[in-house]
There are 2 protein chains.
Amino acid sequence: MSQGESGIELDTSLGYMLKAAASALHSALEAVLKPLGMTITHYSCLELLAQRPGLSNSELARGTFVTRQSMNVLLQALERQGLVVRPAQAPVGRALPTELTDRGRSQLKVASAAVRRVEQNMLAGLDAGEQEQMRRLLTACIAALTEPPTPAT
Amino acid sequence: MSQGESGIELDTSLGYMLKAAASALHSALEAVLKPLGMTITHYSCLELLAQRPGLSNSELARGTFVTRQSMNVLLQALERQGLVVRPAQAPVGRALPTELTDRGRSQLKVASAAVRRVEQNMLAGLDAGEQEQMRRLLTACIAALTEPPTPAT
DNA sequence: GCCCGTATGTCAGACTTCTGACATGAGTCA
DNA sequence: TGACTCATGTCAGAAGTCTGACATACGGGC
């Protein structure tokens, strides 16, 4: 069980554990959203639009961690289903501000409740202090990965 | 900026932050592995085999968080490239124990070093205590998501 | 012994996301 | 004004992963 010290120790590697946690969350979300006829990206897009109405295709893509091409495909589907609307012409530049329809808002309401239950379940064993600590740690990781590779101080 | 209190607050949602962190890590890993001609799943498979030689297709799939069908496609490719080997016949049951070849080990060595650098960069701002705390928190989240949905105590 | 449930390996097709490419519009600067 | 850069929307094709299905092998209960 211990013959490869040159590699990364999977059982304690935070990178691996981060992937494991994200994967577990992904599966749990998929399980509750599937009965509602929604995918995770589908839900994420609606949730994002509810909190920040008028986001463009590219902005939605960044917020849901997919490419703008993928988001474009999804938005066209959501538009066909009457869940979101986009103006035929851009008011400024090329960006098309997207808005939720009543139908989109009502679908989101059900999904959002289900997602919130999953998140609360995930955090059931953590008190407020631990949750705040976790926010701190994740924020630090994101910043370190996003910012310049290795800024020599 | 604040008109939707019915949904999940994205800026503080640990579910969203978890996804953001995993996405940032994914991008960073992709960036260092691509020049080596490897994908993340490709690398994960090799790393897993280095630490636990003889894992079967299904076990590798679980360890890398993909389906066994996807892992099967990958394993066939790795076999063609001479990075892993599998016996033609199963020694017991149907499971085929997979092993790294010398070529696989040598490719992994380079990739593993690059991945370790990314992980260390991610954790650069965290001391040993904070890293241990993060392990605890992530483990708790995984357990809560994996175990029974909501066991009433 | 025999049936059944579970786990595995594998093939085939569909779906999702990605990469590559192109055109449009805004801003900067000479 | 004109050239350049950057961001955006969109189309087309490629790559990766998933779902569905089937055959095989082990183990338990009858």
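Each chain gets a letter, A, B and so on, in the order the sequences are listed, and its residues count up from 1. Since the structure is predicted, the reported quantities are computational estimates derived from the model, not experimental observations.
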Measuring to OP1 and OP2 of [N], would you say a side-chain N or O of [X] lies under 4.0 angstrom away?
X       : N      : value
A:Ser58 : D:dG9  : yes
B:Arg68 : D:dA21 : no
A:Asn72 : D:dT10 : yes
B:Thr41 : D:dG16 : no

Can a side-chain donor-acceptor contact be found between B:His42 and B:Gln81 if the only test is distance below 3.5 angstrom?
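Side-chain D/A pair, B:Gln81 to B:His42: absent.
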Rounded to the nearest Å, what distance is computed from the [atom1] atom of residue [X] to the [atom2] atom of nucleotide [N]?
X       : N      : atom1 : atom2 : answer
B:Gln69 : D:dC22 : CD    : P     : 14 Å
A:Met71 : C:dT16 : CE    : C1'   : 12 Å
B:Glu59 : C:dG9  : CD    : P     : 8 Å
A:Phe65 : C:dT16 : CZ    : P     : 21 Å
A:Lys34 : D:dG20 : NZ    : P     : 6 Å
B:Arg94 : D:dA23 : CZ    : P     : 11 Å
B:Leu74 : D:dT17 : CG    : C1'   : 11 Å
B:Gln76 : D:dT17 : CD    : C1'   : 14 Å

B:Leu96 near the nucleic acid: base, sugar-phosphate alone, or nothing, with a heavy-atom cut-off under 4.0 Å?
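Sugar-phosphate only.
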Under 4.0 angstrom, heavy atoms only, what part of the nucleic acid is B:Ser56 near: base, sugar-phosphate, or nothing?
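Sugar-phosphate contact only.
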When you measure from the side chain of B:Thr64 to the backbone of B:Ser44, do you find a donor-acceptor pair of N or O atoms at a distance under 3.5 Å?
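Answer holds: no.
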Using heavy atoms to find the nearest nucleotide of DNA chain C for A:Pro91 and A:Val73 separately, return the residue whose nucleotide is more 5′.
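Per heavy-atom nearest nucleotide, the more 5' residue is A:Val73.
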Assess whether a salt bridge exists between B:Arg136 and A:Glu130, defined as any Lys/Arg side-chain N lying under 4.0 Å from an Asp/Glu carboxylate O.
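A:Glu130 and B:Arg136: salt-bridged.
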So CG of B:Asn121 and SG of A:Cys141: to nearest 0.5 Å the spacing works out to 10.0 Å
Rounded to the nearest 0.5 Å, what separation is found between the CG atom of B:Leu33 and the NE2 atom of B:His26?
9.5 Å
Looking at the side chain of B:Thr67, which of D:dT10, D:dC22, D:dC18 is the nearest nucleotide?
D:dC18
